[in-house]
Amino acid sequence: MKYAILSDIHGNLEALQAVLQDAKQQGCTHYVCLGDIVGYGPNPRECLHVIQELNCPTVIGNHDEYVAKDQALTGFNPMAADGIKWTRDQLTEAEKNWLRDLKYVRTVDPFTIVHATLDLPERWAYVFDKLAAAASFNYQHTAVCFNGHTHVPIAFIRTPAGIQGGLYTRIRIEVARKYFINVGSVGQPRDRNPKAAYVIFDLPNNLIELRRVEYDLTTTQKKIRAAGLPESLAQRLEQGR
Ligand code: ZN
């Protein structure tokens with residue numbers, strides 16, 4: 001059984017479609033989504049519908065929450081607030097309810113999924129170092145946990161000797177270790193690589209593989225401009241940041 005682990009789609013339909021096509025070609029039969037389906041990108045509704053049709057375990061991301069819960073946008077810079085308001089206007093009440101009902105953490109087969117961290121997942125902390133990873137590991141009861149949120153694919157591994165962290169492309173799961181793995185972002189990569197990122201978890205072989213997929217980002221950029229969303233959102237896609 002092969003799982004495709006998707007995160008941070010951010011309304012980028014072209015990237016999502018390219019990733020799903022790649023996952024199919026790679027023999028994935030199961031899917032999970034780690035949140036931030038909406039926000040930034042020009043196709044929040046379409047991406048939401050694709051995920052709903054996959055009918056896969058999904059957890060809520062901070063952007064899903066900002067858009068779905070009508071909380072005041074104090075503390076946001078005006079450009080970010082405008083983007084959230086734009087996305088809110090694209091979604092029906094039923095679609096916002098669907099997002100609002102998503103849980104923060106889910107256990108799927110033998111692994112766990114969360115958007116940010118397992119310690120206080122509703123706080124949306126960013127895990128860039130071992131210290132932050134250590135806090136999450138304290139709440140991890142499965143060997144493997146997948147997260148997103150930073151849009152940077154990094155893996156942390158806890159062994160009896162301590163925690164190591166770094167970039168990865170393939171990881172083989174070994175006993176007596178715990179893995180906290182950021183799967184990168186489908187719709188807005190920020191590791192200077194503009195290709196869409198996702199992970200395949202090959203369960204029988206205990207193998208985790210990071211995939212990078214080319215997609216038609218020129219079309220996505222055109223849609224961002226046509227929607228009147230900030231130009232910087234179009235530019236960052238080709239820069240991967
Ligand atoms: Zn995100």
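As the structure lists them, so they are numbered: ligands from 1, and atoms in each ligand from 1. Along the sequence shown, residues carry numbers from 1.
- In the model, E231 has a side-chain atom that pairs as donor or acceptor with a side-chain atom of Q235 under 3.5 Å.
- For the Zn ion (ligand 1), the nearest N, O or S atom contributed by D36 is named OD2.
- In summary, H10 places an N/O/S atom under 2.8 Å from the Zn ion (ligand 1), meeting the contact criterion.
- Ring orientation note: the planes of H10 and H63 are nearly perpendicular, at an angle over 60° on the 30°/60° scale.
- Using cut-offs of 30° and 60° for the angle between ring planes, the W124 and H149 rings count as tilted.
- Taking backbone and side chain together, H149 holds no N, O or S atom under 2.8 Å from the Zn ion (ligand 1).
- For the pair E209 and R211, the salt-bridge criterion is met [side-chain N within less than 4.0 Å of a carboxylate O].
- Taking the N/O/S atoms of D8 in turn, the shortest distance to the Zn ion (ligand 1) belongs to OD1.
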